[in-house]
K.L.:
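Would you mind keeping the following structure in view while I ask a few things?
Predicted, not measured: the structure shown is a model, and the values here were computed from it. Values below: all heavy atoms of this structure, side chains included; hydrogens, waters and symmetry mates excluded.
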Amino acid sequence: MQQINTAKPDVTAMRTLVLRGLPVMLDDASTFYNTCFASDTDEAWAQVPVGVLTVIDEHIPLLPNQLYLDPVSTAIIVEGGIVIDNLQNLPQAICLLFGLSYALNLDYPKNMKNTFNFFQKVMLGLGQNKLPPKLQSLKNLLLS
């Protein structure tokens, strides 16, 4: 929350915050959200099954849990390779990854399954309304 202007928050910054924060409560996003410098090689994410890559300038320090609200670009990684590149921000990348999962009939990433189910069932209202207890309790907290 300290990384965004709470007095006049930007909608993209708030969406980025939610998308980065939701897995903290539901899953382990350690291999899903990746960050690299523009000059890095593809070897850094070769072992990532599905994820999002945020590319930043070399002059910006690489810190854990940083939102990087103004990246050089954002990309989608599937099976260690970049499938969609030059996206503007993290929310756009997550939306495209969600659609790509449906179009290619991909399973949700194992380490992010609860988060993607929350996107699908609570945020988008798709599929069955019955939620696992962990997701139901988070939904109840958000709606109270």
K.L.:
Taking Phe37 as the fixed residue, which of Ile60, Ile56, Val55 is the one that meets the side chain to side chain contact (heavy atoms under 4.5 Å, CB included) rule?
P.N.:
Ile56

K.L.:
Taking Val24 as the starting point, is it possible to reach Tyr108 by hopping between hydrophobic residues whose side chains are less than 4.5 Å apart?
P.N.:
no

K.L.:
Going by side-chain hydrogen bond (donor to acceptor under 3.5 Å, both in side chains), name the residues that satisfy it together with Tyr33, two or more places apart in sequence or in a different chain.
P.N.:
none

K.L.:
Any donor and acceptor pair, going by atom type alone, linking the side chain of Asp27 with main-chain N or O of Pro23 inside 3.5 Å?
P.N.:
no

K.L.:
Restricting to non-hydrogen atoms, name the atom on Val72 and the atom on Asp57 that form the minimum distance, rounded to 0.1 Å.
P.N.:
CG2-OD1, 3.2 Å

K.L.:
Quick check against the 3.5 Å criterion: does Gln88 have a side-chain atom that pairs as donor or acceptor with the backbone of Ser73?
P.N.:
no

K.L.:
The criterion is side-chain hydrogen bond (donor to acceptor under 3.5 Å, both in side chains); which residues satisfy it with Ser30, sequence neighbours excluded?
P.N.:
Asp28

K.L.:
Check whether any side-chain heavy atom of Glu79 lies under 4.5 Å from a side-chain heavy atom of Pro49, and answer yes or no.
P.N.:
no

K.L.:
Kindly indicate whether the side chain of Leu138, heavy atoms from C-beta on, has any atom under 4.5 Å from the side chain of Lys134.
P.N.:
no

K.L.:
Mind checking whether Phe98 and Met123 have side chains closer than 4.5 Å, heavy atoms only?
P.N.:
no

K.L.:
Check for me, please, whether Leu141 and Leu131 land in the same ILVMFWY cluster - side-chain distances under 4.5 Å, paths through other members count.
P.N.:
no

K.L.:
Kindly write out the residues that satisfy side-chain hydrogen bond (donor to acceptor under 3.5 Å, both in side chains) with Gln136, not counting sequence neighbours, or none if the list is empty.
P.N.:
Asn140

K.L.:
State the CD1-CG distance between Ile94 and Leu100, to the nearest 0.5 angstrom.
P.N.:
11.5 Å

K.L.:
Using side-chain contact (heavy atoms from CB on, under 4.5 Å) as the criterion, list what pairs up with Leu63, not counting sequence neighbours.
P.N.:
Pro61, Gln66, Tyr68

K.L.:
Please enumerate all residues that pass side-chain contact (heavy atoms from CB on, under 4.5 Å) together with Val48, with sequence neighbours excluded.
P.N.:
Asn34, Trp45, Ile77

K.L.:
Out of curiosity, Lys121 NZ to Lys130 NZ, how far, rounded to the nearest 0.5 Å?
P.N.:
10.0 Å

K.L.:
If we only count heavy atoms from C-beta on, is the Pro71 to Asn89 side-chain gap below 4.5 Å?
P.N.:
no

K.L.:
Drop me the distance from Arg15's CZ to Leu90's CG, to the nearest 0.5 angstrom.
P.N.:
12.0 Å

K.L.:
When rounded to the nearest 0.5 angstrom, what distance separates OG1 in Thr54 from CG in Asp70?
P.N.:
11.5 Å

K.L.:
Among the clusters formed by ILVMFWY side chains lying less than 4.5 Å apart, do Leu142 and Leu124 turn up in the same one?
P.N.:
yes

K.L.:
So how far is it from Ile84 CD1 to Leu53 CG, rounded to the nearest 0.5 Å?
P.N.:
13.0 Å

K.L.:
State plainly whether one hydrophobic cluster holds both Leu17 and Met25, where clusters connect Ile, Leu, Val, Met, Phe, Trp and Tyr through side-chain heavy atoms under 4.5 angstrom apart.
P.N.:
no

K.L.:
Please check if any side-chain donor atom of Thr74 sits under 3.5 Å from a side-chain acceptor atom of Gln92, or the reverse.
P.N.:
no

K.L.:
Can you name the one residue among Leu26, Val122, Thr115 that meets side chain to side chain contact (heavy atoms under 4.5 Å, CB included) with Leu135?
P.N.:
Leu26

K.L.:
Working to the nearest 0.5 angstrom, can you tell me the gap between Thr16 OG1 and Met14 CE?
P.N.:
10.0 Å

K.L.:
Looking at Ile82 and Ala75, what are the two nearest heavy atoms and their distance?
P.N.:
CG2-CB, 3.8 Å

K.L.:
Residues two or more places apart in sequence or in another chain: which of them pass side-chain contact (heavy atoms from CB on, under 4.5 Å) with Pro109?
P.N.:
Phe32, Val50, Asn111, Met112, Phe116

K.L.:
Does a side-chain heavy-atom distance below 4.5 Å link Phe119 with Asn114?
P.N.:
no

K.L.:
Leu104, Val52: one ILVMFWY side-chain cluster at the under-4.5 Å cut-off?
P.N.:
yes

